[in-house]
Each structure stands twice: as structure tokens, then as C-alpha cells.
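Following: one structure in C-alpha cells, then a few remarks.
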Amino acid sequence: MISVRQLRKTFQTPVVKEGKLAGIRTLLSRSYKEKEAVRDVSFNIESGEFVGYIGPNGAGKSTTIKMLTGILHPTSGEVLIHGLSPQKHRRRVVAHLGVVFGQRTQLWWDLPVKDSYEILAAMYRVEEATARRRLGELEQLLELREFLDTPVRKLSLGQRMRADLAAAMLHDPDILFLDEPTIGLDVVAKRSIRGFLKALNEEFGKTILLTTHDMDDIEQLCERVIVINHGQIGYDGSIHQLRERIGLPTMLKITFRGPYAVPADWELPFRIVGQEAGLLTLACNRKELKAMDVLRIVSS
Ligand code: ADP
Ligand code: MG
């Protein structure tokens, strides 16, 4: 459904001159330095997948997403979405895509939120009745009603993110590219966004590629993660295997219906990291121990 082949993007930035008239000399200069933001990235994403795209700052995540959406042209390599190139068949491809850049709203800053939706619906040629019905659904799912009449600049960050997500969904795309949609949000706002994304994927079957700094986002949402570093893919696989590979323990949270006690002389092949009323948190190495074994020990 999404196929990325040997994708590269090299940026050329003018070398800044120093000294007298530096500004003008930089402007007239023909010397550039090259930055390989993305080099040789390949992957496929199938329909219905929820994929995390993670990596440190400057790794090339946003640049990849911009090439996937057709905003940037690759230096070389190819992107195909439903067999079409986002660069060559922009109009047909964008009908399939919903895009959110957490760092930048796609809504009109000074307009009430609902006016932005009207403009976007017209831009995407969504029929009026369809747009109204869809907005009604999104209003409920994302709790938009309280701020539909508010100009975007007056929204809290959490509200703005919800507003942007709704905007991305207005034309009912089947694929979502989300670049840091939880950046800067507090715990409550994050939870609400995650709930919505989970529903989009599980109930509405949307295919989602998500970049984030937040490992909790990934753990709660993505079966598969792709790690990019210095423009190259370092890992593509399940979150469990990634944990094993970097030596992180797997956390198990066990909820008890009533009070429980941990025997003092318990000899356990795992670590107890939290003991609260009705909730026991354990850490274990999945290579050495299966979740079912842990449950058997705990229940005995
Ligand atoms: P990420 O989203 O993973 O933080 P980006 O894709 O934004 O990383 O950036 C990757 C690299 O490319 C960074 O070194 C960044 O400075 C550089 N870069 C991004 N956009 C441009 C641009 N328009 N011009 C020059 N360099 C850029
Ligand atoms: Mg980025």
C-alpha cells in the first residue's frame, strides 16, 4: 500500500560567509554545503498497520514524511502510495492522505476552527452534506464542540492538536501521516489523542505512520517500529524485539480483583518494580521468561 524504495534527500544550504558584507556575499556566493537528511530508506507498509517512526532529533523523520506526502521531492529513490507517486500524482494521492504536523497547524490562525473546516472541505471537494456528517462524528470523537467558534490562535495546544486531527480526517483518508502529534502535550491531552488514534486504527481501519519522541505513544499504539538514525534505518520490527535488542525489560502490570500480598520469601525470576493497591508491576526479560510463565507463578 505504501512502498518506499531507496529514498534519499540531500539539502543544499549556502555556506555563510563571514566578515564585511557577509550577508550580501552569502547571497551571491555559489558555495553550498550538503546535508544528507535521508539516505537510502526503504520500507513497505500494509493496509491497517500502525507503525511508529522514531529516532533522535535531526534523524530525518520529518523529511521522510514530507517526501511521503509529496511536499518535498526526493533527491533519488521512489515513494508509491496505492501505486502512485505523491510527487507526480499529487492530487490523486492527497485524497488518500491525512497529515498532521504537530509543530505547525494547517488551520488558519485567526479564523474560528469551523471556518477552517469549511475551507478544507471545499479544497478537498467534500460534498456539503458529507462534510457536515463527518464533522459531526469527529466533533464527538475529539470533543471539538467547546472550541469550534474559537480562533485557532486562542486554543490550548491539546485543543489545537485535536482540531488539526479532525482537519486531517475531513476528507476521510485511509492513510494518516502524523509527525509528532503529541509533542508538548500534558498527560491528559496525550491520553485523549492516543485514544483517538487507537480508535482510528482499530475501529476505522486507518493505516497510520506516527513519529514521536514519546516511547509511551509507541508502546501503547504501535505493533511495529522503524528506527531511523542519521538518515538511515537502524531497525524495523516489533516493539518486543526492539526491547530485547536494546536490553530493556518488559513490564507486566497485573491487576488484582481484591487485596493481595507478596510472600516475603518469594524467589522470583523477575523483578517487582511497583506494588500498589490491586496493582502489581513486574519487570522481566522476555527472552528468559514468557508472560504466561509469570502469570502462572503469580497465580500460584
Ligand atoms: P527529524 O524530523 O528527525 O528531527 P528532519 O527530517 O527535520 O529531522 O531533519 C533531518 C536533517 O535535515 C537535520 O539535520 C536538519 O537540520 C536537516 N534539514 C531539514 N530540513 C532542511 C532544509 N529545508 N534545509 C536544510 N537542511 C534541512
Ligand atoms: Mg521532525
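For ligands, and for the atoms within them, numbers begin at 1 and follow the listed sequence. Every value quoted in this text rests on a predicted model; they were computed, and no experiment measured them.
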| Side-chain (Tyr53) to main-chain (Ser62) donor-acceptor, under 3.5 angstrom | no
| Hey, does Gly58 come in under 3.5 Å of ligand 1, counting only N/O atoms on both sides? | yes
| task | With heavy atoms of Ala37 as the reference, note each atom of ligand 1 found under 4.0 Å away. | result | 10 (C), 11 (C), 12 (O)
| said: Using a 3.5 Å distance criterion without hydrogens, assess whether the side chain of Gln87 forms a donor-acceptor pair with backbone atoms of Leu72. | reply: yes
| Does ligand 1 have a heavy atom under 4.0 Å from the side chain of Asn57, from its backbone, from both, or from neither? | both
| task | Would you kindly specify which portion of Lys35 sits under 4.0 Å from ligand 1, judged on non-hydrogen atoms: side chain, backbone, both or neither? | result | side chain
| Just by distance, do the side chain of Arg90 and the backbone of Thr69 share a donor-acceptor pair under 3.5 Å? | yes
| request: Kindly compute the distance separating CZ (Arg194) from CG (Leu185), expressed to the nearest 0.5 Å. | output: 9.5 Å
| said: Evaluate Phe11 for polar contact with ligand 1, using N/O atom pairs at a separation under 3.5 Å. | reply: no
| request: Evaluate the ring planes of Tyr124 and His171, with Trp represented by its six-membered ring, and classify them as parallel (under 30°), tilted (30 to 60°) or perpendicular (over 60°). | output: parallel
| Does an N or O anywhere in Thr64 fall below 3.5 Å from an N or O of ligand 1? | no
| request: Could you tell me whether Glu118 and Arg132 have a side-chain N and a carboxylate O separated by less than 4.0 Å? | output: no
| request: Write out the residue and atom name of the closest protein heavy atom to atom 7 (O) of ligand 1, then the distance separating them to 0.1 Å. | output: Ser62 CB, 3.7 Å
| Quick one: does Gly60 get a heavy atom under 4.0 Å from ligand 1? | yes
| query | Short question: side chain of Arg5, backbone of Leu80 - any donor-acceptor pair under 3.5 Å? | reply | no
| said: I'd like to know if atom 10 (C) of ligand 1 has any protein heavy atom within a distance of less than 4.0 Å. | reply: yes
| Does atom 16 (O) of ligand 1 have a protein non-hydrogen atom under 4.0 Å from it? | no
| task | Check whether any N, O or S atom of Gln103 sits under 2.8 Å from the Mg ion (ligand 2). | result | no
| task | Check each of Glu137, Arg133, Glu139 against Leu135 using the side-chain contact (heavy atoms from CB on, under 4.5 Å) test, and report the only one that passes. | result | Glu139
| query | Any donor and acceptor pair, going by atom type alone, linking the side chain of Asn201 with main-chain N or O of Gly48 inside 3.5 Å? | reply | yes
| Can you tell me which residue and heavy atom of the protein come closest to atom 6 (O) of ligand 1, and the distance to 0.1 Å? | Thr63 OG1, 2.5 Å
| request: Kindly confirm or rule out an N or O of Thr13 lying under 3.5 angstrom from an N or O of ligand 1. | output: no
